[in-house]
**Student:** 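Here you go, one structure.
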Amino acid sequence: MSRRSRSRSQSGTSLRSGSSGDDGTAEGSSSPIVELLIVFVVVFAAQQLTAIIGIGVMAGLFVLAPPLTTNPWTIVTSVYAHGNIGHLLSNSLALIVFGWPVARATTRLRFHTFFLVTGVIAGISQIVLSGVFEGMPLVGGWVEQAPVLGASGAVFALLGYLIASNRLSAGLASFIDVPQWFAVLVFVGLAIAVTLATGGLGIALFAHFTGFLVGLLAGRLRVLHVGGSGGRGSRL
């Protein structure tokens, strides 16, 4: 009886310890999605309150605009801000659809870090690349360097990660020996196609492209992967 009790206790302990991530939180949790949705709502409410004081005040706190050094904090705050209620709802829905599987396969800390970093990269790329292409022959008339805000870049990164790291993609990658340069070329082509398919008036195309491409590359490298026993963990 005592041996069985000890073995059950040890088994239960190993299961509990094996379900915690490197940030001390439980793996397989969907809580990062709920937390981000709460942040979205709180930031949007703060935008409305500061807009009462003045649109310039709100923009100075939450809108990423050139030059980037003017209000550097907006590099972060703009990731969680939205232009209107429709923008907020569409990004929230996309976050739930694309982010839920990713959040359940990694830790809370890694998920939040990935979301913020990819959102920052996407926002900066929108400002920098639109400034480079604005006024250039042939394409300059289609590009305007304008302020940007929203979580779309990070959401597209989640979509890219989900596509590149799922079981089907991993299985094809292991079955077919694809050169790295060709994989990158395919990723760039896919990012262009998805960006153009979701394009429209007032859409930050460079942010979408960059976020999706970074997500694809991160998914291929499995940067959100949490290793299990034997160095292998569950795939998306």
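All residue numbers in this chain count up from 1 along the given sequence.
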**Student:** Closest heavy-atom contact between Ala207 and Ser125?
**Tutor:**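 What the structure gives for the nearest pair is CA-OG, 4.0 Å.
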**Student:** Would you compute the distance between atom OG of Ser152 and atom CG of Leu159 and round it to the nearest 0.5 angstrom?
**Tutor:**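 Rounded to the nearest 0.5 Å, the OG-CG separation comes to 12.0 Å.
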**Student:** Apply side chain to side chain contact (heavy atoms under 4.5 Å, CB included) to residues Ile127 and Phe206 and explain how you reach the verdict.
**Tutor:** CA-CA 8 Å; Ile127 297 298; Phe206 290 117; over 6 Å; no
**Student:** Can you sort out the partners of Phe114 under ring pair (Phe, Tyr, Trp, His ring centres under 6.0 Å), two or more places apart, ordered by chain and number?
**Tutor:**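 With neighbours one apart ignored, the set is Tyr161.
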**Student:** When hydrophobic residues are tied together by side-chain contacts of less than 4.5 Å, even through go-betweens, does Leu221 share a cluster with Leu158?
**Tutor:**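 Yes; Leu158 is reachable from Leu221 via cluster members.
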**Student:** Can a donor-acceptor pair be found, under 3.5 Å and without considering hydrogens, that links the side chain of Thr77 to the backbone of Leu61?
**Tutor:**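 Confirmed, Thr77 side chain pairs with Leu61 backbone.
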**Student:** Is Val97 reachable from Val39 through a run of I, L, V, M, F, W or Y residues, each pair having side-chain heavy atoms under 4.5 Å apart?
**Tutor:**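 Yes, Val39 connects to Val97 through the hydrophobic network.
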**Student:** Just wondering, do Ile38 and Glu35 contact through their side chains at under 4.5 Å, heavy atoms?
**Tutor:**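 Contact flag for Glu35/Ile38 side chains = no.
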**Student:** Test of understanding: clusters of I, L, V, M, F, W, Y form through side-chain heavy atoms closer than 4.5 Å, transitively. Do Leu93 and Phe212 belong to the same one?
**Tutor:**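 Yes, because Leu93 and Phe212 connect within a single hydrophobic cluster, where side-chain heavy atoms sit under 4.5 Å apart.
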**Student:** Can you tell me how far the OG1 atom of Thr118 sits from the CZ atom of Phe156, to the nearest 0.5 Å?
**Tutor:**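 One finds 12.5 Å between OG1 of Thr118 and CZ of Phe156.
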**Student:** Would you find a donor on one side and an acceptor on the other, under 3.5 Å apart, between the side chain of Thr106 and the backbone of Ala103?
**Tutor:**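 No, because the side chain of Thr106 does not come within donor-acceptor range (under 3.5 Å) of the backbone of Ala103.
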**Student:** Roughly how far apart are Ser92 OG and Ile85 CD1, rounded to 0.5 Å?
**Tutor:**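 Nearest 0.5 Å value for the OG-CD1 distance: 8.0 Å.
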**Student:** Is the Phe40 ring parallel, tilted or perpendicular to the Phe115 ring (thresholds 30°, 60°)?
**Tutor:**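 Tilted: the ring planes of Phe40 and Phe115 meet at 30° to 60°.
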**Student:** From Ile33 CD1 over to Leu95 CG, what is the distance, rounded to the nearest 0.5 angstrom?
**Tutor:**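 With rounding to 0.5 Å, CD1 (Ile33) is 4.0 Å from CG (Leu95).
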**Student:** Under 4.5 Å between side-chain heavy atoms, chaining through other members, with only Ile, Leu, Val, Met, Phe, Trp and Tyr counted: pull out the rest of the cluster around Val117, sorted by chain and number.
**Tutor:**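 Hydrophobic cluster check, Val117: joined to Ile121, Val214.
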**Student:** CD1/Ile124 to OG1/Thr210 distance, rounded to the nearest 0.5 angstrom?
**Tutor:**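 Taking CD1 in Ile124 and OG1 in Thr210, the distance rounds to 10.5 Å.
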**Student:** Verify the ring-centre separation between Phe44 and His82: is it less than 6.0 angstrom?
**Tutor:**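 Aromatic pair excluded; centres sit 6.0 Å or further apart.
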**Student:** Same hydrophobic cluster for Leu49 and Tyr80, using side-chain heavy-atom links shorter than 4.5 Å among ILVMFWY?
**Tutor:**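 No, it is not one cluster - the side chains of Leu49 and Tyr80 are not joined through contacts under 4.5 Å.
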**Student:** In the structure I gave you, are the side-chain heavy atoms of Leu64 and Gln126 within less than 4.5 Å of one another anywhere?
**Tutor:**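 The answer is no; the side chains never approach within 4.5 Å.
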**Student:** Can you see which heavy atom on Ala94 is nearest to which on Val155, and at what distance?
**Tutor:**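 In terms of heavy atoms, the two residues are closest at CB-CG1, 3.5 Å.
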**Student:** Just how far is it from atom CG of Leu224 to atom OG1 of Thr113, taken to the nearest 0.5 Å?
**Tutor:**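 The distance works out to 9.0 Å.
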**Student:** Just wondering, do Leu129 and Phe209 contact through their side chains at under 4.5 Å, heavy atoms?
**Tutor:**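 Not touching, per the 4.5 Å side-chain cut-off.
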**Student:** Would Leu37 and Ile96 count as a side chain to side chain contact (heavy atoms under 4.5 Å, CB included) here? Give the steps.
**Tutor:** CA-CA 9 Å; Leu37 292 175; Ile96 295 172; 4.0 Å; yes
**Student:** Following the transitive rule for hydrophobic clusters with a side-chain heavy-atom cut-off under 4.5 Å over Ile, Leu, Val, Met, Phe, Trp and Tyr, establish whether Val43 and Ile53 coincide in one cluster.
**Tutor:**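 Hydrophobic grouping puts Val43 with Ile53.
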**Student:** Any side-chain heavy atom of His112 within less than 4.5 Å of one from Leu36?
**Tutor:**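 His112 reaches Leu36 side chain to side chain.
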